[in-house]
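These notes are about the structure you will find just below.
What you are looking at is a predicted structure, and each value in this text was computed from that prediction instead of being measured.
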Amino acid sequence: MTIIRIGLDTSKHVFHVHGVDGDEQPALRRRLRRSQVEKFFAKLPPTRIGLEACGGVTSLGAGVA
C-alpha cells in the first residue's frame, strides 16, 4: 500500500492526518499532537500533502517539506 496524498487538518494542539492510496481508498488515519507531527512525517516516503490554510501553517509546512 502506497500513500499518494495526505490531508492535514490543523488546530492548536491536535492534528488529524488522513492519507489515501492509488485507488483513492483511505490508507492512513492518525491523530497527532503538535510535537509529534514533524517526527511522523520524517518516517514517511515523499508524498503530496494538503494543509489547511491558516496562519500557523507556514512554520509547520516548512517542517514537513
* To do: Could you tell me whether the side chain of Arg31 reaches within less than 4.5 Å of the side chain of Phe15, counting heavy atoms only?
  => no

CZ of Arg34 to OG1 of Thr10, rounded to nearest 0.5 Å, is 8.0 Å

- Query: Within the distance-only criterion (no hydrogens, no angle test), does the side chain of Arg29 pair as donor or acceptor with the backbone N or O of Gly19 below 3.5 angstrom?
  - Reply: no

>> Are Val14 and Val17 linked, directly or through intermediate hydrophobic residues, by side-chain heavy-atom contacts shorter than 4.5 Å (ILVMFWY only)?
In response: no

Practice prompt. With the side chain counted from C-beta on, respond yes when Val20 and Ile3 share a heavy-atom pair under 4.5 Å apart, and no when they do not.
Written response: no

Would you call Arg30 and His16 a side-chain contact if the rule is heavy atoms closer than 4.5 Å? no

Closest non-hydrogen atoms of Thr47 and Arg5, given as atom of the first, atom of the second and distance, are OG1-N, 3.5 Å

Q.
Less than 4.5 Å apart, side chain to side chain, heavy atoms only: is that true for Thr2 and Asp21?
A. no

| query | Would you say Leu44 and Ile6 make side-chain contact, with heavy atoms under 4.5 Å? | reply | yes

